[in-house]
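Here the structure is laid out as structure tokens; the discussion comes afterwards.
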Amino acid sequence: MGGAPAAQAQRRIELGGVSVDLLRIGTFRSDAGTIFGPVPRTSWEPLVRNEIDDASRLLQALNLLVVTTPERRMLLETGLLPAGERSSDASTDALSAREGLTAAGIDPASIELVVPSHLHRDHAGGLADASGAAAFPRATVVAPQREIDAVASSSLRARAAYDTATLRALFAANAPRAFERTSEPDARVELRLLGGHTPGSQATIVRGSERTLLFLGDLFMRPWQSNPRWVTAYDDEAWVSVDAKTSIFAEAAAGEWLVAMSHEVAAPLGRLVADGDRFRFIAE
Ligand SMILES: [Zn+2]
């Protein structure tokens, strides 16, 4: 008798000299077919039979990470809702990132860098408030140039996935710190352009003295995607996603890195173990 999990949750992870707060600021529903992309329903349905609702939708978490190093504090992801808004309808039960931090006892004004894994609506929605003003006015947004360019694309696919008007106005007023292939915004943090899910999807690698943590945004949103071939229908460049996951999963498995997932509700943290030409996820 579990019932639905509370929409919000919080967990502290110590990596050695670096702490990470993993916050779930809410849940929403996604069509299961779009999340499993190229995978036939006969393969995925048995895995989620207890989770999908009458409309074949999965229960998805909005997970954020707050990384605190000796030098600074950074926020990975900003969720779906603009700052100041909350939703508790049948499909979305969530806080904005700013309110989620406050609810977790973390001062939003202490955030110096904001690093969305990519700029889709459910990851960049909390960068601004409903009026379009920066939700974290003291912080700098760090993103690959390719993702910033994708937001400005006139493609109808981009227009459906990004809140183009809000992000363009926000970036015109508060210029993001753009990078090409890699960036080290902190001595303990490496950002890597991977692409795949979106043209500018990035990996965040946080290195403590005892453990390394990897966050891949929607390249690894749920544990079934530990098979590199299992990508979503939202992946703009599926072939790039598969190759990027194959490579960085191998690195994570070899280093026994902790891996956090962007939309997993029940067990969003664990490690990857090589298993033939795929990987298995083991929750920790
Ligand atoms: Zn997402």
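All residue numbers refer to positions in the sequence shown, counting from 1.
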Any side-chain heavy atom of [X] sitting closer than 4.5 Å to one from [Y]?
X      : Y      : result
Phe36  : Val48  : yes
Pro268 : Leu22  : yes
Leu127 : Leu167 : yes
Asp275 : Asn227 : no
Val67  : Asp186 : no

Within the distance-only criterion (no hydrogens, no angle test), does the side chain of [X] pair as donor or acceptor with the backbone N or O of [Y] below 3.5 angstrom?
X      : Y      : value
Ser247 : Ala244 : no
Gln202 : Arg192 : no
Glu112 : Arg72  : no
Asn63  : Met261 : yes
Arg24  : Ala7   : yes
Gln10  : Leu23  : no
Lys245 : Val231 : no
Thr246 : Val242 : yes
Glu264 : Leu269 : no

Distance from [X] atom [atom1] to [Y] atom [atom2], nearest 0.5 Å?
X      : Y      : atom1 : atom2 : answer
Leu219 : Leu214 : CG    : CG    : 9.5 Å
Arg86  : Thr92  : CZ    : OG1   : 13.5 Å
Leu59  : Ile52  : CG    : CD1   : 12.5 Å
Glu237 : Leu194 : CD    : CG    : 10.5 Å
Phe220 : Ser226 : CZ    : OG    : 5.0 Å
Leu15  : Ile13  : CG    : CD1   : 7.0 Å

* Run the numbers on Glu147 and Tyr162 for side-chain contact (heavy atoms from CB on, under 4.5 Å), then give the verdict. => CA-CA 10 Å; Glu147 190 67 2; Tyr162 299 112; 2.9 Å; yes

Minimum heavy-atom separation for [X] to [Y], with atom names?
X      : Y      : result
Glu77  : Leu75  : O-CG, 3.2 Å
Ser87  : Leu81  : N-CD1, 3.6 Å
Arg229 : Pro38  : O-CG, 4.0 Å
Ser241 : His197 : OG-N, 3.2 Å
Phe281 : Val259 : CE1-O, 4.1 Å
Phe136 : Thr78  : CE1-CG2, 4.5 Å

* Hey, mind stepping through Trp257 and Ile205 against side-chain contact (heavy atoms from CB on, under 4.5 Å) and telling me if it holds? -> CA-CA 9 Å; Trp257 295 356; Ile205 301 164; 4.2 Å; yes

* Asked: Looking at Glu45, Arg29, Arg41, which hits side-chain hydrogen bond (donor to acceptor under 3.5 Å, both in side chains) with Ser56?
  -> Arg41

* To do: Test His263 against every option in Asp218, Thr27, Thr232 by the side-chain hydrogen bond (donor to acceptor under 3.5 Å, both in side chains) rule and name the one that passes.
  => Asp218

* To do: Apply side-chain contact (heavy atoms from CB on, under 4.5 Å) to Ser96 and Glu85, showing your working.
  => CA-CA 6 Å; Ser96 75; Glu85 294 197 2; 5.5 Å; no

Neighbour count above 12 (heavy atom, 6.0 Å) for [X] [atom1]:
X      : atom1 : answer
Glu256 : CD    : no
Arg168 : CZ    : no
Arg121 : CZ    : yes

* Linking I/L/V/M/F/W/Y whenever their side-chain heavy atoms sit closer than 4.5 Å, directly or via other members, would Val265 and Leu62 fall into one cluster? -> no

* Within one Ile-Leu-Val-Met-Phe-Trp-Tyr cluster: Phe179 and Leu216, side-chain cutoff 4.5 Å -> no

* With side-chain contact (heavy atoms from CB on, under 4.5 Å) as the test, would you mind laying out the steps for Trp230 and Arg222 before giving the verdict? => CA-CA 10 Å; Trp230 286 38; Arg222 303 293 301 265; over 6 Å; no

* Asp21/Arg12 salt bridge by N-O under 4.0 Å criterion -> yes

* Look at the aromatic rings of His123 and His118 and report parallel, tilted or perpendicular, splitting at 30° and 60°. => tilted

* Any luck finding a side-chain donor-acceptor pair between Arg73 and Ser110 under 3.5 Å? -> yes

